[in-house]
Student: 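Sharing a structure here in structure tokens format.
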Amino acid sequence: MSIRLFCSVAELKSFSAAAERLGLSAAMASKHVMHLERRLSTRLLNRTSRHVSLTEAGALYFEQARIALEDLDTVEAAVNRTAVTPRGTIRFSAPVWMANPRFAQLLADYRALHPEVRFDVDLSDRQVSLVNEGFDLALRVSRDLGQGLVARKLAEFTFKLVAAPSYLARAGRPESMTDLNGHAFLIYSLLSADTANPIPSRKGGPRISFVPVLRSGNETLLHHAVLGGQGLACLPTWLIEADLQSGHLVAVLPEEVGFTVPLFAVYPSRNYLSAKVRTFLDFMAAKGRLG
């Protein structure tokens, strides 16, 4: 326990966070590390009231101890895998636009199969540090998936070019790719760095000169802006399918404009996944659940 507690403190840079992860009090966590330092006759951590950092000896010990613990976890998990019941909390991050009824139902369906599993979901649209922040996995559409992580493709999502009827009534409805020239555009910065031509054509059409009126990495902001008639936007169908059905949004040039992006699950590079994470990934990857 002392070695595992020390590694958690080193990863999280916090005694309290490490203690919470392992279900201990902060005082007990401190005692475990002090016991380990006495046994090794060396200081492993520098401590202040606000900061925890590794000493030189601590950094060397942490690197070797982490490998040893992962090897031990792999051996124990391999022996017990068939008997393990998914339980505990799955902490993961996901794009903001997955805060919708369809994804909420997917989580409910998984819990109906595995009621001992709970979820802690971060929808801040920031690229979290899985190990340092204690996340089990992250769902990402970005092609920058992070170094030292395992990535598993779960599905592909379609993005459509849409606008509000009020905007089209004011600016005119495009009938061809060239008609898009001069239109106001709301750019999703996490998918496109090209402000001059931020949407790909299905047929590789001409470059379009848009007027970029709003650029953001937050799909919820873009969603509200396009509903408010500020311009055109390429948004994931999961986010806008209800608006398309109700007529609050209209697909623009659906046969010519649109694209798909892969959704990946990324998680720390390990030889073994806990039963809760493994079954959750398998559940999401099942055909038709996310697509």
Student: Any non-hydrogen side-chain atom of Arg4 less than 4.5 Å from a side-chain atom of Cys7?
Tutor: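 Not in contact.
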Student: Do Leu5 and Leu60 land in one hydrophobic cluster if side-chain heavy atoms of ILVMFWY residues count as linked below 4.5 Å?
Tutor: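 As far as the 4.5 Å side-chain criterion goes, Leu60 and Leu5 are not connected within one cluster.
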Student: Of all heavy-atom pairs between Arg21 and Gly134, which one has the smallest distance, and what is that distance?
Tutor: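 Nearest pair, atom of Arg21 first, then Gly134: NH2-CA, 3.2 Å.
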Student: Taking atom NE2 of His114 as the centre, does the number of heavy atoms from other residues, nucleotides or ligands within less than 6.0 Å exceed 12?
Tutor: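 Yes, enclosed.
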Student: In the structure I gave you, are the side-chain heavy atoms of Leu139 and Ser93 within less than 4.5 Å of one another anywhere?
Tutor: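 Side-chain contact under 4.5 Å: no.
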Student: In the single-linkage hydrophobic clustering (I, L, V, M, F, W, Y; side-chain heavy atoms under 4.5 Å), do Met28 and Val52 co-cluster?
Tutor: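 They do share one cluster, since a chain of ILVMFWY contacts under 4.5 Å joins Met28 to Val52.
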Student: If hydrophobic clusters are built from ILVMFWY residues whose side chains come within less than 4.5 Å, do Ile187 and Leu253 share one?
Tutor: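 Yes, Ile187 connects to Leu253 through the hydrophobic network.
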Student: Check this for me, if you would: do Glu37 and Arg47 make a salt bridge, where the nitrogen-to-carboxylate-oxygen distance has to be below 4.0 angstrom?
Tutor: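 Salt bridge present between Glu37 and Arg47.
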Student: Hey, mind stepping through Leu106 and Phe283 against side-chain contact (heavy atoms from CB on, under 4.5 Å) and telling me if it holds?
Tutor: CA-CA 9 Å; Leu106 184 147; Phe283 182 82; 3.9 Å; yes
Student: Does the side chain of Phe62 come within less than 4.5 Å of Leu54's, by heavy atoms?
Tutor: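 They are in contact (side-chain heavy atoms under 4.5 Å apart), so the answer is yes.
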Student: Rounded to the nearest 0.5 Å, what separates atom CG in Asp109 from atom CE in Met284?
Tutor: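 Between Asp109 CG and Met284 CE, I get 13.0 Å after rounding to 0.5 Å.
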Student: Can you list the steps and then say if Lys160 with Leu244 is a side-chain contact (heavy atoms from CB on, under 4.5 Å)?
Tutor: CA-CA 10 Å; Lys160 292 183 177 181; Leu244 292 173; 4.3 Å; yes
Student: When you measure from the side chain of Arg91 to the backbone of Glu133, do you find a donor-acceptor pair of N or O atoms at a distance under 3.5 Å?
Tutor: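 Side chain of Arg91 to backbone of Glu133: a pair is present.
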Student: Between the side chains of His223 and Asp243, is a donor N or O closer than 3.5 angstrom to an acceptor N or O?
Tutor: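 Result is yes, a qualifying pair exists.
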Student: Apply side-chain contact (heavy atoms from CB on, under 4.5 Å) to residues His248 and Leu227 and explain how you reach the verdict.
Tutor: CA-CA 7 Å; His248 290 125; Leu227 284 169; 4.0 Å; yes
Student: Is it the case that one hydrophobic cluster holds both Val277 and Leu113, taking links as side-chain heavy atoms less than 4.5 Å apart, direct or via other members?
Tutor: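 They do share one cluster, since a chain of ILVMFWY contacts under 4.5 Å joins Val277 to Leu113.
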Student: Less than 4.0 angstrom from a charged side-chain N to a carboxylate O is my criterion; do Arg102 and Glu241 meet it?
Tutor: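 Salt bridge present between Arg102 and Glu241.
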Student: To the closest 0.5 Å, what do you measure between CE (Met177) and CG (Asp179)?
Tutor: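 Going from CE on Met177 over to CG on Asp179, the span is 10.5 Å.
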Student: Do Glu11 and Arg66 make a side-chain contact, defined as non-hydrogen atoms from C-beta onward lying under 4.5 Å apart?
Tutor: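 Glu11 vs Arg66: side chains touch.
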Student: Quick one: pull up CG in Leu45 and NE2 in His51 and give me the separation to the nearest 0.5 Å.
Tutor: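 Here the rounded value is 10.0 Å.
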Student: Looking only at heavy atoms, what is the nearest atom pair of Ile90 and Lys276, with distance?
Tutor: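 Looks like CD1-O, 3.4 Å.
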Student: How many angstroms lie between atom CD of Glu56 and atom CG of Leu44, to the nearest 0.5 angstrom?
Tutor: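 Result: 12.5 Å between the selected atoms.
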Student: With side-chain contact (heavy atoms from CB on, under 4.5 Å) as the test, would you mind laying out the steps for Val33 and Ser2 before giving the verdict?
Tutor: CA-CA 6 Å; Val33 174; Ser2 295; over 6 Å; no
Student: Assess whether a salt bridge exists between Asp136 and Arg278, defined as any Lys/Arg side-chain N lying under 4.0 Å from an Asp/Glu carboxylate O.
Tutor: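 Not counted as a salt bridge, because no side-chain N and carboxylate O are separated by less than 4.0 Å.
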Student: Donor-acceptor pairs under 3.5 Å, side chain of residues 229-236 to any protein atom, not counting sequence neighbours: which ones?
Tutor:
none

Student: Any side-chain heavy atom of Phe135 sitting closer than 4.5 Å to one from Val266?
Tutor: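 In short, these two side chains do not touch, never coming nearer than 4.5 Å.
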Student: Can you see which heavy atom on Ser8 is nearest to which on Leu22, and at what distance?
Tutor: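 Heavy atoms of Ser8 and Leu22 come nearest at OG-CD1, 4.0 Å.
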Student: Quick one: pull up CZ in Phe159 and OH in Tyr188 and give me the separation to the nearest 0.5 Å.
Tutor: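 The distance works out to 6.0 Å.
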Student: Does a side-chain heavy-atom distance below 4.5 Å link Asp282 with Arg152?
Tutor: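 Yes, close enough: below the 4.5 Å cut-off.
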Student: State, to 0.1 Å, how close Ala17 and Ser14 come at their nearest heavy-atom pair, and which atoms those are.
Tutor: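 Nearest heavy atoms, Ala17 then Ser14: N-OG, 3.1 Å.
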Student: So, do Val128 and Arg140 sit near enough that their side-chain heavy atoms are less than 4.5 Å apart?
Tutor: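 Yes - at least one pair of side-chain heavy atoms lies under 4.5 Å apart.
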Student: Does any N or O in the side chain of Asn132 come within less than 3.5 Å of the main-chain N or O of Ser129, such that one atom is a donor and the other an acceptor?
Tutor: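 Not confirmed, Asn132 side chain does not pair with Ser129 backbone.
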Student: Do Tyr61 and Thr42 have a side chain donor and acceptor closer than 3.5 Å?
Tutor: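 Distance-only check fails for Tyr61 and Thr42.
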Student: Which pair of non-hydrogen atoms, one from Ala265 and one from Leu281, has the smallest distance, and what is that distance?
Tutor: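 Distance-wise, the nearest heavy atoms are CB-CD2, 3.4 Å.
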Student: Find the distance between OG (Ser246) and CD1 (Ile240) and round it off to the nearest 0.5 Å.
Tutor: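 Those atoms lie 11.0 Å apart.
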Student: Tyr110 vs Phe280 aromatic rings, parallel, tilted or perpendicular, using cut-offs 30° and 60°?
Tutor: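 Correct class here is perpendicular.
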Student: Is Phe6 reachable from Met34 through a run of I, L, V, M, F, W or Y residues, each pair having side-chain heavy atoms under 4.5 Å apart?
Tutor: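 No; Phe6 is not reachable from Met34 via cluster members.
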Student: Does Val117 offer a backbone N or O that forms a donor-acceptor pair with the side chain of Arg111 under 3.5 Å?
Tutor: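 Yes, Arg111 side chain to Val117 backbone: donor-acceptor pair under 3.5 Å.
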Student: Looking only at heavy atoms, what is the nearest atom pair of Ser176 and Glu256, with distance?
Tutor: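 Between these two residues, the closest heavy atoms are CA-OE2, 4.3 Å.
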Student: Could you check if a side-chain atom of Ser25 sits within less than 4.5 angstrom of a side-chain atom of Phe15, using non-hydrogen atoms only?
Tutor: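 No. Closest side-chain heavy atoms not under 4.5 Å.
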Student: Evaluate the criterion ring-ring contact (aromatic ring centres under 6.0 Å, His included) for residue pair Trp97 and Phe157; output intermediate values, then yes/no.
Tutor: CA-CA 11 Å; Trp97 52 266; Phe157 285 103; 4.9 Å; yes
